[in-house]
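Computation of the quantities below employed the complete heavy-atom set of this structure, encompassing side-chain atoms and omitting hydrogens, waters and symmetry-equivalent molecules. By convention here, the first residue in the shown sequence is residue 1.
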Amino acid sequence: MKLNSWAMTGLLVMAALSPATQAAELIQNGGFETHGADNYDITGWQSAEQGIFGSVLAQSGTTTEVTGNTTVGAFQGSYYGLLDNNGLSGSALFQTFSTGAVSSATLSFQMFVNNQNASSHVDVAGLDYSVDASDNPNQHVRVDVLKAGSDPFSTSSADVLQSLYLGGANGVLGANNYINYQFDLTSSLAAGGNYVLRFATVANQNSLQLGVDNVSINAIAMVPEADSAAMLLAGLGLMAGVMRRRRS
């Protein structure tokens, strides 16, 4: 079927008005390769600690800096993010990120959890390590998307937009392997804005390690090609004027 000039121009305008997909990486230094081994100042990331300090760092090797426990090391490259609680402490590794409105957003990372306690416990105190250890054992890890500006240890529903992981060790008491995680964040990030991705631990029984690597949030925004559409619409109007003159 042969298209006339009007039909062809109309198709071009429709194509220009259709939204174009643009993918963007929202996390900085998700592989923890920027800055050297055992560095407490991790590019792109922030940390918060309660109780015993010095447990959040970019770690290399398989022996942890604070507790001296064994891990599997980095998933890829030389370094990984590590929260190495030595008991009676809480820690958080987090990053604030921004995005416009998205049509889809996916979080992915590799994570291991090693717990030197015989079991994990999630207490109503959330990430508070200071509750009575005998009556309120509190030994677990969590991963969340928070509203920007939230306290890094908050577990309030007013601050937590999406809870992604809540629990304990992903294997035996020794060094566990990484597990691949992937989460759909589309509903949480749909409107766009400022957010926080948080990895957190709390321990009031024994030492506990959370290791994370290859953290990525891939977001796709629908962006109308407004400039192109405007040019084609102008051309369509010019063509209409020419055709009217021809008919007259």
Side-chain angles (χ1 to χ4, degrees), residues 21-33 42-48 56 58-59 71-72 74-77 79-83 85 90-115 120 122 126-127 139-171 176-202 208-222:
T21 59
Q22 295 184 356
E25 172 58 60
L26 303 182
I27 294 296
Q28 181 185 1
N29 192 26
F32 300 93
E33 297 299 306
I42 309 171
T43 298
W45 296 88
Q46 294 176 275
S47 64
V56 181
Q59 176 79 54
T71 75
V72 295
F75 181 85
Q76 185 175 329
Y79 313 121
Y80 60 105
L82 178 67
L83 288 71
N85 291 61
S91 56
L93 173 69
F94 57 100
Q95 183 169 148
T96 300
F97 63 94
S98 302
T99 180
V102 302
S103 62
S104 69
T106 302
L107 165 67
S108 61
F109 55 87
Q110 283 81 40
M111 183 176 75
F112 68 77
V113 179
N114 299 339
N115 188 1
S120 299
V122 180
L127 291 170
Q139 180 111 353
H140 65 274
V141 308
R142 61 182 300 150
V143 183
D144 307 278
V145 175
L146 307 175
K147 294 179 181 178
S150 299
D151 185 286
F153 291 103
S154 175
T155 57
S156 167
S157 59
D159 295 326
V160 178
L161 293 175
Q162 190 169 346
S163 184
L164 307 171
Y165 183 96
L166 178 64
N170 56 271
N176 292 310
N177 290 320
Y178 283 93
I179 293 178
N180 295 320
Y181 293 93
Q182 183 168 301
F183 301 94
D184 184 357
L185 303 185
T186 305
S187 60
S188 296
L189 309 186
N194 300 315
Y195 308 93
V196 175
L197 174 63
R198 175 186 66 188
F199 298 87
T201 59
V202 61
L208 173 70
Q209 294 83 46
L210 181 160
V212 63
D213 209 348
N214 292 338
V215 184
S216 172
I217 297 180
N218 187 271
I220 297 179
M222 301 300 287

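In this structure, Asp159 contributes its side chain and Lys147 its backbone to no donor-acceptor pair below 3.5 Å. Using a distance-only test at 3.5 Å, with no hydrogens or angles considered, no donor-acceptor pair links the side chain of Gln139 to the main chain of Gly168. Of the possible polar contacts, one joining the Tyr195 side chain to the Gly192 backbone as a donor-acceptor pair under 3.5 Å is found. Of the possible polar contacts, one joining the Thr186 side chain to the Ala105 backbone as a donor-acceptor pair under 3.5 Å is found. Put simply, the side chain of Ser216 never gets that close to the backbone of Ser108: no donor and acceptor are under 3.5 Å apart. No donor-acceptor pair under 3.5 Å is formed between the side chain of Gln110 and the backbone N or O of Val212. For Asn176 (side chain) and Val113 (main-chain N/O), a donor-acceptor pair under 3.5 Å exists by modelled atom type. One N or O on the side chain of Asn29 and one on the backbone of Thr43 form a donor-acceptor pair closer than 3.5 Å.
Every side-chain contact (heavy atoms from CB on, under 4.5 Å) that Asn177 has, sequence neighbours left out, goes to Val72. Residues that satisfy the side-chain contact (heavy atoms from CB on, under 4.5 Å) test with Gln95, not counting sequence neighbours, are Ile27, Gln28, Trp45. For Asp213, there are no salt bridge (Lys or Arg N to Asp or Glu O under 4.0 Å) partners, not counting sequence neighbours.
Heavy-atom minimum distance, Ala219 versus Leu26: CB-CD1, 3.8 Å. What you find for Val141 and Thr201 is that their closest heavy atoms are CG1-CG2, 3.5 Å. Of all non-hydrogen atoms in Pro152 and Ala48, the two that sit nearest each other are CG-CB, 3.7 Å.
Proximity of the aromatic rings of Tyr178 and Phe112 is defined here by a centroid distance below 6.0 angstrom, and this criterion is met.
Within the 4.5 Å cutoff, side-chain heavy atoms of Thr155 are placed close to those of Arg142. Between Tyr165 and Leu210, the closest side-chain pair of non-hydrogen atoms is not below 4.5 Å. Looking only at side-chain heavy atoms (C-beta outward), Arg198 and Leu127 come within less than 4.5 Å of each other. Residues Ile179 and Met111 form no side-chain contact, since every pair of their non-hydrogen atoms from C-beta on lies 4.5 Å or further apart.
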Would Phe183 and Val143 count as a side-chain contact (heavy atoms from CB on, under 4.5 Å) here? Give the steps. CA-CA 11 Å; Phe183 301 94; Val143 183; 5.8 Å; no
Does the side-chain contact (heavy atoms from CB on, under 4.5 Å) test come out yes or no for Leu93 and Phe32, once each step is laid out? CA-CA 12 Å; Leu93 173 69; Phe32 300 93; 3.9 Å; yes
Show, in sequence, the C-alpha distance, side-chain angles and deciding distance for Leu107 and Tyr181, and conclude whether the side-chain contact (heavy atoms from CB on, under 4.5 Å) test is met. CA-CA 8 Å; Leu107 165 67; Tyr181 293 93; over 6 Å; no
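Atom CD of Gln162 sits about 7.5 Å away from atom CG of Leu189, to the nearest 0.5 Å.
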